[in-house]
Amino acid sequence: MDRMPNWADAVLVPLISLLLAAILSAGVILAIGESPVDAFSLMVEGALMRSAGWGYTLYYATNFIFTGLAVSVAFHARLFNIGGEGQAMLGGLGVALVCLYIPWPHWSLAIVAGAVGAALFGALWALVPAYLQAKRGSHIVITTIMFNFIAAALLNYVLVNLLRPVGAMDPATARFPDAVHLPTFQDMFSTAATPLFRGAPANVSFFLALLACGLVWLLIWRTRLGYEIRAFGHSDSAARYAGISPVRITVVTMLISGGLAGMMAVNTTMGEAERLVMNATEGAGFIGIAVALMGRNHPIGVLLAAILFGFLYQGGAELALWTNIPRELIVVIQALVILFTGALDNAVRMPLARVFAMRRKPAE
């Protein structure tokens with residue numbers, strides 16, 4: 001089979017896929033009578049050229065970093081965890097319980113406890129699908145996607161019947177105490193002379209996401225457990241022969257994956273809404289699949305892909321607000337990016353591998 005250099009697989013393939021998605025998206029925009037150049041310029045202006053735009057872009061990126069890391073960790077063991085949406089929902093419940101029922105003197109302590117609560121609830125929600133895969137042979141894709149719907153129903157019941165304040169109409173908890181409110185980028189970087197990130201929801205949990213990237217890199221490539229996860233993913237029969245327990249690796253990997261997805265709730269629940277609300281995940285669990293695929297399941301790639309999708313989310317909101325391009329078309333553009341960087345990945349990789357093979361033949 002034709003092979004290409006690692007740098008080409010990591011850089012060229014995603015860039016070409018992204019370029020193809022951009023060309024097709026431009027054609028769709030032209031078809032409805034709008035200018036692709038003007039649309040792209042507006043997206044860049046709204047998402048990258050102002051500090052407030054960066055604040056929204058990085059807020060969305062924070063969500064996608066956690067869910068992308070969750071998918072990538074599972075994929076190293078050849079487990080396709082598409083239950084990040086449900087795991088993030090239950091992670092929000094863990095954050096809410098920690099913030100509402102424990103009196104914290106300062107946000108620096110609360111964010112640690114909130115992250116632990118979110119990770120614990122997310123991991124527990126991934127435990128049952130992991131057990132069913134490891135012990136009963138139930139396919140992880142089917143069980144995790146089913147658990148997304150169960151999580152939504154469970155969270156709705158808890159919010160409406162157990163945590164909703166008396167007299168409140170919307171399904172949400174009470175507002176968290178002021179002591180646990182996380183500093184926003186506006187709080188951290190603005191001064192009276194230079195106001196920055198005004199109104200943007202980006203907050204200190206972005207740095208928690210960066211820390212998670214570093215810890216995942218250490219886990220996968222610098223620990224014995226990470227080696228076992230990768231070995232099991234490459235060949236489960238060889239892993240068994242080496243004494244690696246498939247049941248243990250499946251369960252542990254899914255617990256880590258579910259915990260990472262659950263930690264997304266620190267950003268949405270603690271950092272932005274400052275209470276637990278329904279639909280706080282807004283599809284980030286599914287976007288994490290595309291982020292992991294585009295980032296080649298490497299933390300640095302996940303970080304860059306998450307920022308790209310954060311740009312698409314914020315830029316798409318600007319297009320829907322200031323042009324006649326409907327919001328639904330923004331979803332189509334995002335879907336095209338996912339299609340080319342994920343499902344049609346080999347359509348780019350295979351021709352590119354043949355090009356590199358042809359260049360090597362004269363030298364050989």
Side-chain angles (χ1 to χ4, degrees), residues 66-94 115-155 212 215-265 281 284-293 295-299 302 342:
F66 283 120
T67 56
L69 289 174
V71 174
S72 66
V73 167
F75 200 76
H76 278 292
R78 290 300 183 267
L79 298 170
F80 201 9
N81 177 20
I82 56 176
E85 190 83 355
Q87 291 149 17
M89 289 181 191
L90 270 294
L93 182 58
V116 171
L120 180 62
F121 274 63
L124 288 176
W125 199 247
L127 177 60
V128 176
Y131 173 83
L132 293 175
Q133 165 84 13
K135 299 292 286 186
R136 301 297 181 186
S138 302
H139 203 291
I140 199 74
V141 170
I142 303 300
T143 52
T144 51
I145 200 168
M146 288 174 62
F147 267 60
N148 288 333
F149 296 102
I150 299 172
L154 176 62
L155 185 60
L215 292 177
V216 167
W217 180 82
L218 288 173
L219 167 70
I220 297 298
W221 282 280
R222 290 294 183 272
T223 67
R224 177 177 177 176
L225 175 60
Y227 174 79
E228 291 177 343
I229 290 172
R230 289 183 289 120
F232 179 73
H234 283 294
S235 173
D236 59 344
S237 57
R240 284 192 187 92
Y241 185 78
I244 298 172
S245 168
V247 173
R248 182 178 69 87
I249 289 299
T250 298
V251 172
V252 170
T253 303
M254 283 299 295
L255 287 176
I256 296 170
S257 178
L260 285 166
M263 286 177 66
M264 188 200 95
T281 53
F286 298 113
I287 297 297
I289 300 170
V291 167
L293 291 173
R296 297 295 183 269
N297 299 304
H298 192 283
V302 167

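Here the structure is a predicted model, which is why all the values come from computation and not from measurement.
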Quick check: closest heavy atoms across [X] and [Y], and the distance to 0.1 Å?
X      : Y      : result
Ala292 : Gly68  : CB-O, 3.5 Å
Thr143 : Ser138 : CG2-CB, 4.0 Å
Ala261 : Ala70  : N-CB, 3.7 Å
Ala118 : Gly262 : CB-O, 3.3 Å
Ala88  : Ala265 : O-CB, 3.8 Å

Roughly how far, to the nearest 0.5 Å, is the [atom2] atom of [Y] from the [atom1] atom of [X]?
X      : Y      : atom1 : atom2 : answer
Asn297 : Leu69  : CG    : CG    : 10.0 Å
His76  : Ile256 : NE2   : CD1   : 11.5 Å
Arg240 : Ile249 : CZ    : CD1   : 12.0 Å
Met89  : Asn148 : CE    : CG    : 6.5 Å
Leu127 : Gln87  : CG    : CD    : 11.0 Å
Leu255 : Leu260 : CG    : CG    : 11.0 Å

Below 4.5 Å, heavy atoms only, C-beta onward: do [X] and [Y] meet side chain to side chain?
X      : Y      : result
Ile142 : Gln133 : no
Met264 : Thr281 : yes
Thr250 : Leu79  : yes
Phe286 : Thr67  : no
Leu154 : Trp125 : yes
Val216 : Val73  : yes

Using modelled atom types and a 3.5 Å cut-off, is there a donor and acceptor pairing between side-chain atoms of Ser235 and backbone atoms of Ala231? no
Give a yes or no on whether the backbone of Ile220 and the side-chain of Arg230 come within a donor-acceptor separation of less than 3.5 Å. yes
Does Leu219 form a side-chain contact (heavy atoms from CB on, under 4.5 Å) with Leu215? I'd like the steps, not just the answer. CA-CA 6 Å; Leu219 167 70; Leu215 292 177; over 6 Å; no
Applying side chain to side chain contact (heavy atoms under 4.5 Å, CB included), can you list everything that pairs with Thr144, at least two apart in sequence or on another chain? Asn81, Ile82, Pro129, Ile140, Met254
Between Phe80 and Arg78, is there a cation-pi geometry (under 6.0 Å to ring centre, at most 45° from the normal)?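 No, a cation-pi geometry is absent between Arg78 and Phe80.
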Excluding sequence neighbours, so at least two apart, what forms ring-ring contact (aromatic ring centres under 6.0 Å, His included) with Phe232?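 ring-ring contact (aromatic ring centres under 6.0 Å, His included) check on Phe232 returns nothing, list empty.
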